[in-house]
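A short worksheet on the structure shown next.
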Number of protein chains: 2
Amino acid sequence: MNLPPLVQSFVLHFGEMGSRWGINRTVGQIYALLYVSPRPLCADDIVDALGVSRSNVSMGLRELQAWNLVLPKHIPDDRRDHFTTPDDVWQILRVLAEERKKREVDPTLSVLRELLMQTPGSEEERHAQARMAEMHGLIDRLTTWYEDVKRLETERLAALLALGARVTRLLEAKDKVVGLVRGRKES
Amino acid sequence: MNLPPLVQSFVLHFGEMGSRWGINRTVGQIYALLYVSPRPLCADDIVDALGVSRSNVSMGLRELQAWNLVLPKHIPDDRRDHFTTPDDVWQILRVLAEERKKREVDPTLSVLRELLMQTPGSEEERHAQARMAEMHGLIDRLTTWYEDVKRLETERLAALLALGARVTRLLEAKDKVVGLVRGRKES
DNA sequence: CCGTGATTTCAGAACTTTCTGAAATCTATG
DNA sequence: CATAGATTTCAGAAAGTTCTGAAATCACGG
């Protein structure tokens with residue numbers, strides 16, 4: 001590996017974090033490299049930069065494309081495929097959230113739904129099912145919220161984030177207004 | 001393993017999902033078992049229920065305690081430690097978010113901060129640093145928002161979730177009201 | 001402060017994942 | 001449609017992890 005020190009640190013860090021994020025070292029490094037690269041890179045560029053085998057890079061790119069985190073980008077007059085990351089970080093966030101949900105949440109949601117359809121055959125099963133219902137309820141709320149929020153344009157989403165916990169004040173204000181209106185109508 | 005079928009399916013599913021969630025099979029199964037169990041279980045109960053070695057259970061419980069996902073609960077007149085999961089699912093969600101942030105986000109945030117302090121030594125490094133700044137900015141916003149939101153009581157949080165994307169309508173309404181007030185003051 | 005039973009630690013076995021180089025496959029020309 | 005370069009596949013080697021049983025440690029009642 002022979003990279004500018006800043007880039008190298010970044011790439012190595014992503015490699016190390018990879019396992020915590022559910023991807024392997026090489027995949028993490030490839031992503032990091034593409035993320036900071038000023039231009040799309042081809043597989044051989046990546047081999048040179050990271051010092052891993054050609055086939056490993058091929059597999060890594062495959063996986064990153066499956067995650068929609070890396071896109072092929074054609075470079076005119078070059079037969080080789082080149083790759084980049086989407087450059088809008090918000091877009092990256094969306095992709096990441098979507099993929100993680102698909103892999104980490106959806107399967108559990110569907111298993112829970114299935115188990116909740118069954119009739120419990122004992123007190124123990126009845127209790128277990130009640131617990132599963134609680135879990136299902138929570139996950140369901142969260143995913144519904146997520147489905148709502150992901151449709152917002154970036155600008156609105158950013159505004160919402162910036163607002164943070166202060167949304168609740170807005171909520172309170174709303175309740176008050178609604179209360180007032182109701183009060184007037186009822187009187 | 002000899003469990004009521006409903007419980008068994010749930011436990012096996014958590015075992016399988018474990019690897020996607022960054023824990024191993026046994027840890028996933030132990031958690032699932034404790035989650036649906038109507039009373040705290042001791043290590044030997046878990047050994048019997050899951051059919052894994054005593055030491056494996058010991059390590060699993062250790063890890064789950066480190067995650068704050070499992071709590072020791074003393075049972076009177078029994079020397080053995082017993083364990084449960086916190087029973088409020090919202091509480092579980094909070095713990096999970098906190099721990100994942102600590103393990104998956106914070107280290108990256110601090111590496112990014114460090115790398116952003118350095119002076120780029122080339123155009124390539126300058127570009128890389130700009131990209132890192134974008135990433136840092138996004139993560140920073142997200143974590144700030146998270147720090148805000150996690151302080152909300154469960155009830156408010158639930159209300160906010162239920163509101164979903166409709167918050168934006170509230171935002172629009174607010175902007176309008178603020179606009180009105182401003183208009184009045186300025187006239 | 002000994003003995004008993006609960007719990008943890010740890011070295012290595014079993015298993016899983018990751019990585020490589022060689023061979024196979026694909027693809028765009030001339 | 002042959003060829004040269006690019007890319008992918010794949011079997012097995014290397015590395016990493018999870019799991020076990022045996023031994024060590026701990027902790028409490030007598």
Side-chain angles (χ1 to χ4, degrees), chain A residues 1 11-12 14-34 40-67 69-84 103-104, chain B residues 1 11-12 14-34 40-67 69-84 103-104:
Chain A
M1 194 186 298
V11 164
L12 290 178
F14 266 60
E16 278 159 25
M17 292 302 283
S19 53
R20 301 199 192 178
W21 298 334
I23 57 176
N24 69 41
R25 186 154 34 99
T26 311
V27 171
Q29 292 185 349
I30 294 175
Y31 180 79
L33 182 66
L34 292 175
L41 302 179
C42 72
D44 286 316
D45 294 338
I46 298 171
V47 169
D48 293 344
L50 303 181
V52 296
S53 75
R54 184 52 233 274
S55 50
N56 200 0
V57 168
S58 180
M59 295 218 222
L61 285 171
R62 194 158 251 301
E63 182 169 352
L64 285 167
Q65 283 173 280
W67 275 86
L69 282 174
V70 153
L71 303 168
K73 184 148 204 171
H74 195 72
I75 297 281
D77 298 329
D78 196 328
R79 279 174 60 178
R80 298 167 305 176
D81 270 340
H82 287 64
F83 300 89
T84 3
R103 286 155 219 245
E104 301 183 9
Chain B
M1 192 185 299
V11 164
L12 290 179
F14 266 59
E16 278 160 26
M17 293 301 284
S19 52
R20 302 200 191 177
W21 298 333
I23 57 176
N24 67 40
R25 184 155 36 101
T26 312
V27 172
Q29 292 185 348
I30 294 174
Y31 181 79
L33 182 66
L34 291 175
L41 301 179
C42 72
D44 287 315
D45 294 338
I46 299 170
V47 168
D48 294 344
L50 303 181
V52 296
S53 76
R54 184 52 234 274
S55 51
N56 199 1
V57 168
S58 180
M59 295 217 221
L61 285 171
R62 196 157 250 299
E63 182 168 353
L64 284 167
Q65 282 173 280
W67 274 88
L69 282 174
V70 153
L71 302 169
K73 184 147 203 171
H74 194 72
I75 297 281
D77 297 330
D78 196 329
R79 279 173 61 178
R80 298 167 305 175
D81 270 339
H82 287 65
F83 300 89
T84 3
R103 285 155 219 246
E104 301 183 10

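Convention: sequence-line order gives letters A, B, ...; per-chain numbering from 1.
- Atom-to-atom distance recorded for Leu50(A):CG and Leu12(A):CG is 9.0 Å, nearest 0.5 angstrom.
- In this structure, the separation between CZ on Phe83(B) and CG on Leu33(B) is 13.0 Å, given to the nearest 0.5 Å.
- Whole-Å rounding puts the His74(A) NE2 to dA6(D) C1' distance at 13 Å.
- Contacts between residues 18-27 of chain B and DNA chain D, defined by a heavy-atom separation below 4.0 Å, involve Asn24(B), Arg25(B), Thr26(B), listed by number.
- Of the possible donor and acceptor atoms, one in the side chain of Asp45(B) sits under 3.5 Å from a partner among the backbone N and O of Cys42(B).
- One can place CG of Leu50(B) at 11 Å from P of dC19(D), the figure rounded to the nearest angstrom.
- With sequence neighbours left out, Ile75(B) forms a side-chain contact (heavy atoms from CB on, under 4.5 Å) with Pro40(B), Asp78(B), His82(B).
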Under 3.5 Å, N/O pairs linking protein and nucleotides 4-9 of chain C:
from, atom 1, to, atom 2, distance (Å)
dT7(C), OP1, Asp81(B), N, 2.6
dT8(C), OP2, Ser58(B), OG, 3.0
dT9(C), OP2, Arg62(B), NE, 3.1
dT9(C), OP2, Arg62(B), NH2, 3.4

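- Side chains of Leu34(B) and Ile46(B) form a contact here, defined as non-hydrogen atoms less than 4.5 Å apart.
- Distance, Ile75(A) CD1 to dA6(D) P: 15 Å, rounded to whole Å.
- Between Met17(B) and Arg103(A) the shortest heavy-atom distance is CE-O, 3.4 Å.
- Put simply, CD on Glu63(B) is 12 Å from P on dT17(D), counting in whole angstrom units.
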Acceptor/donor pairs from residues 21-30 of chain A side chains to any protein atom, 3.5 angstrom cut, sequence neighbours excluded:
from, atom 1, to, atom 2, distance (Å)
Trp21(A), NE1, Glu104(B), O, 3.0
Asn24(A), OD1, Thr26(A), N, 3.1
Asn24(A), OD1, Val27(A), N, 3.0
Thr26(A), OG1, Asn56(A), ND2, 3.2

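- Each end of the helix from dC1(C)-dG30(D) to dG30(C)-dC1(D) gets its own rotation axis from five pairs of C1' atoms, and the angle between them is 20° to the nearest 10 degrees.
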List the atom pairs, with distances to 0.1 Å, where a side-chain N or O of residues 58-66 of chain B and a protein N or O form a donor-acceptor pair under 3.5 Å, not counting sequence neighbours.
none

